[in-house]
S.K.: 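If you scroll down you'll find the structure; I have some questions about it.
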Protein chains: 2
Amino acid sequence: MTAPLHKAHPAGPGRALPDTQQGMRRRNLARVMHTVSAEGPLSRAAVASRIGLTRAAVSTLVDELIRCGLLEELGPERPGRVGRGRPGSALAVSGHGPAGIGAEIGVDHLAVCAVDLRGEIRARVVRQGTNRDRSPEPVIEELTGLVRRVVAEVAREGLWPAGLAVAVPGLVARDARTVVRAPNLGWHDTDLGSLLPAELPLTVDNEANFGALAELWLGEGTPRDFVHVSAEIGIGAGVVVDGRLLRGTRGFAGELGHVPVRPDGPECACGGRGCLEQYAGEEAVLRAAGLAPGEDRVGLLAGRATEGDEDVRRALRDAGEALGVALTGAVNLLDPESVVLGGALAGLAPWLLPSLRSELARRTAGPACPVSVSGLGPEGPLLGAAHWVVRGVLDDPAGVAEVGVRG
Amino acid sequence: MTAPLHKAHPAGPGRALPDTQQGMRRRNLARVMHTVSAEGPLSRAAVASRIGLTRAAVSTLVDELIRCGLLEELGPERPGRVGRGRPGSALAVSGHGPAGIGAEIGVDHLAVCAVDLRGEIRARVVRQGTNRDRSPEPVIEELTGLVRRVVAEVAREGLWPAGLAVAVPGLVARDARTVVRAPNLGWHDTDLGSLLPAELPLTVDNEANFGALAELWLGEGTPRDFVHVSAEIGIGAGVVVDGRLLRGTRGFAGELGHVPVRPDGPECACGGRGCLEQYAGEEAVLRAAGLAPGEDRVGLLAGRATEGDEDVRRALRDAGEALGVALTGAVNLLDPESVVLGGALAGLAPWLLPSLRSELARRTAGPACPVSVSGLGPEGPLLGAAHWVVRGVLDDPAGVAEVGVRG
DNA sequence: ACTATTTCGTCATGGCCGTTTACAAATTAG
DNA sequence: CTAATTTGTAAACGGCCATGACGAAATAGT
């Protein structure tokens, strides 16, 4: 009798961890870090009023964070003090503590960078050259070399790596280690965790996802609910809901490229017909524009379009229209605050946007969802990866401090 | 210098509330309630081991919950004790404390029910009769009468109402009070909060959303990531991500009915062309089947299909195909663990499913997303609404106890 | 039947953590 | 130069969970 009528729901209220006093302290440490990180140099009193704790409590939290090297005292707060009382002592996130290492495996390049807690890029290495159809081992080996170089470089400035995040052009399993399918690299079911050095906590994710996160964290005026569309070769989207990335059960969410645009359209490699990629994918656009694939395909398209090449412009207009149809579906389903075009699409936006926007507006009752262009350029995914690690530190300073005190 | 390089993110780590000891206590009270609710009668020791606190701590939490009338002691735990030691005292959620009042404004009926913390339906009233194009005031007045009757009925059993949740067939703003657009009722921008009695905390939401929540909370084997598709007159979907309902910026998420299926298809009231509703909406299906709209349209379709009416079967097959196309888009975007057909679609599933499934499978690389049929019947949204209130109590027992001690 | 063992619920104690209260230090307004 | 204001810290306080011990209630083994 009185059998379980409500099903268990693991998420429950708050987190699944026992809500003990230590957990409380950890969360408050995180709140201090986030506040200082987000709102620049701040006095203890300012932090206290922002997070709703007392000055006394914040004092002890700050002391602990300073001892761990995550926060720094800049000295008496000079700038813009208007009030009358004693000036506070400015606190800032440390520029000599942990660093996030971001890496990107592109079809045509490898890149690694290091970002400190302040969000500053402290080192960056890029190696040009195609990785198409190279087997994973040599690529990862090369990447490992670049990572070591970057780590060594920032170590000279007193930074130590808190983790490594790798952006790949393909689907990544929810374990955040295994590349399930990366068509343009020719990789499938590859466990990068076993190939990369185990010293650093590793996160692997789709480049579209990291691009979306970069937009969320670094974009100007980006809301907490948006769809970030990017294209390298395929078309991927990062869906951000309430400030959190939507991953899906298997980690495959955001596959905008295979949303059906015309159910009876041309066949697609995915098995479907008339997928968005058949209209707005790089290959399809090049073909429609009468161009051959080669190096710097996006630059080529942009160049020709600027020169006034009608074939290219028409191809891009049609691609924008197809994007508009697919995004209408996405907008109806998700009701985001905006759609952001990033990656290669950002560079082609001038020719894509008009048809995309009009298609979206035409199909929407009421005000259409605004479409904007990312200002982050092609480095979005790389920055997103590095910042992923940084966010991890901000989200649980106590966790890394354990490891990092003697880093 | 050192300007805010990271943007503020209000969600931050955990909630925005200050993480004080009182908050910790409140969350632990909630954890106890959830655990007992989800896993039936449990001893204090069993609860303690499940939520990771000590027996002593749980004892005090339980005492407090019993004093508030939210938990009941059933006496020595008899059933299935296998171990050797002293038997525990079984705890169960109270059947005499707060109750959730759920209401549904359908096109053809009004319904109100009361559900206790155990999930048991303790009272229910239904009034048949169309509400199409009736103005809001008399409808809400009638609904208020039904609510009062239900509240009075359960009050005789010692239950007091903890809140009221109303399911409506239309779009609801994020304030959870205002019906922005309900085409089948002819309502727009109607603030139900000002029409309903203010005594009870009110939540208004789309019936598709409440249907999805009912599926999440009550469905057998329903995962934490799924898309729940339902149709009354329009086609709506409730998207559940990680056990949480996706609402969208304006609260309009899940508008599956206006996902484009054929970009050049027939015009739709939304301004678009070839929306799903033009192929799988009730009106469209009836027309395709050569039937006139009237009472119990779903029953009519199901009856004719069972009898073997080829026109009706074809119409449903085509509708299933269109649903398959639209859902392919949704599945690619969201990567849910499953798709669940509810509401009117559940009754028509035998004829919709084959074409829907094959379309979805054909367009998917790898294993297709499984499609199942809800077992909740047409009462899903009503139950979801009532349980919404119940969940609110479980999520913050301290909050309602303040109000309810002398309820 | 009796004892040893196991498990449950509770109580007293202790430690952790944010709050409250008080105060010295540092700056501005007049 | 004084009054007012604000900051940061220290001491006392109170709430909350952990720890450890204990009596109670059942079972297993002899």
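So that the names make sense, note that chain A is the first sequence line, chain B the second, and so on, each numbered from 1. Note that these values count all heavy atoms, side chains included, but never hydrogens, waters or copies made by symmetry. Since the structure is predicted, the reported quantities are computational estimates derived from the model, not experimental observations.
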S.K.: Look at all strands and tell whether B:Ala56 reaches a base, only sugar-phosphate, or nothing, counting heavy atoms closer than 4.0 Å.
M.R.: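 Result for B:Ala56 = base.
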S.K.: Any idea which of C:dT28, D:dG8, D:dT19 is nearest the A:Arg84 side chain?
M.R.: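 From the listed options, C:dT28 comes nearest.
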S.K.: Taking CZ from B:Arg25 and C1' from C:dC16, how many angstroms apart are they, rounded to a whole number?
M.R.: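 One finds 16 Å between C1' of C:dC16 and CZ of B:Arg25, rounded.
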S.K.: Using a heavy-atom cut-off of under 4.0 Å over every strand shown, decide if B:Ser43 touches base, sugar-phosphate, or nothing.
M.R.: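 It contacts sugar-phosphate atoms only.
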S.K.: May I have the distance from A:Met24 (atom CE) to D:dA18 (atom P), rounded to whole angstrom?
M.R.: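 These atoms are roughly 12 Å apart.
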S.K.: Start with the C-alpha distance between A:Arg122 and A:Glu157, add both sets of side-chain angles, then the distance that settles salt bridge (charged side-chain N to carboxylate O under 4.0 Å, His left out), and finish with yes or no.
M.R.: CA-CA 9 Å; A:Arg122 301 291 287 269; A:Glu157 304 184 45; 2.8 Å; yes
S.K.: Between B:Asp19 (CG) and C:dG18 (C1'), how many Å, whole number?
M.R.: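 To the nearest whole Å, that distance equals 11 Å.
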S.K.: Nearest-Å distance, CZ (B:Arg44) to P (D:dA25)?
M.R.: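 Those two atoms, CZ and P, are 14 Å apart.
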S.K.: At what distance, to the nearest 0.5 angstrom, does CG of B:Leu202 lie from CG of B:Leu164?
M.R.: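 So the CG of B:Leu202 and the CG of B:Leu164 are separated by 5.5 Å.
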S.K.: Rounded to the nearest angstrom, tell me the gap between atom CG in A:Leu29 and atom P in C:dG18.
M.R.: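 Between P of C:dG18 and CG of A:Leu29: 8 Å.
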S.K.: Between A:Arg55 and A:Gln21, which is nearer to the 5' end of DNA chain C once each is assigned its nearest nucleotide?
M.R.: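 Of the two residues, A:Gln21 wins.
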S.K.: Please state how far atom CZ in A:Arg86 lies from atom C1' in C:dA25, giving the value in whole angstrom units.
M.R.: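 It is 5 Å, rounded to the nearest whole Å.
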S.K.: Does a side-chain N-to-carboxylate-O contact under 4.0 Å join B:Asp396 and B:Arg27?
M.R.: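 Judged by the 4.0 Å cut-off on N to carboxylate O distance, B:Asp396 and B:Arg27 do not form a salt bridge.
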S.K.: With nearest nucleotide decided by heavy atoms, which residue, A:Ser59 or B:Thr54, maps closer to the 5′ end of DNA chain D?
M.R.: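 Between the two, 5'-proximity favours A:Ser59.
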S.K.: Could you go step by step and tell me if B:His96 and B:Asp116 meet the side chain to side chain donor-acceptor pair (under 3.5 Å) rule?
M.R.: CA-CA 8 Å; B:His96 307 281; B:Asp116 65 22; over 6 Å; no
S.K.: Mind calculating the distance between CG (B:Leu53) and C1' (C:dT10) to the nearest angstrom?
M.R.: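 Between C1' of C:dT10 and CG of B:Leu53: 16 Å.
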S.K.: Identify which one of B:Leu70, B:Leu394, B:Val389, B:Leu159 satisfies the side chain to side chain contact (heavy atoms under 4.5 Å, CB included) criterion when paired with B:Pro98.
M.R.: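 Going through B:Leu70, B:Leu394, B:Val389, B:Leu159 one by one, the side chain to side chain contact (heavy atoms under 4.5 Å, CB included) with B:Pro98 is satisfied by B:Leu70 alone.
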S.K.: If I take atom CD in residue B:Glu64 and atom P in nucleotide C:dG9, what distance separates them, rounded to the nearest angstrom?
M.R.: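 The distance from CD of B:Glu64 to P of C:dG9 comes to 18 Å, rounded to the nearest Å.
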S.K.: Taking only the side-chain nitrogens and oxygens of B:Asn28, find out if one of them lies under 4.0 Å from OP1 or OP2 of D:dC17.
M.R.: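 It does, given that an N or O in the side chain of B:Asn28 lies less than 4.0 Å from OP1 or OP2 of D:dC17.
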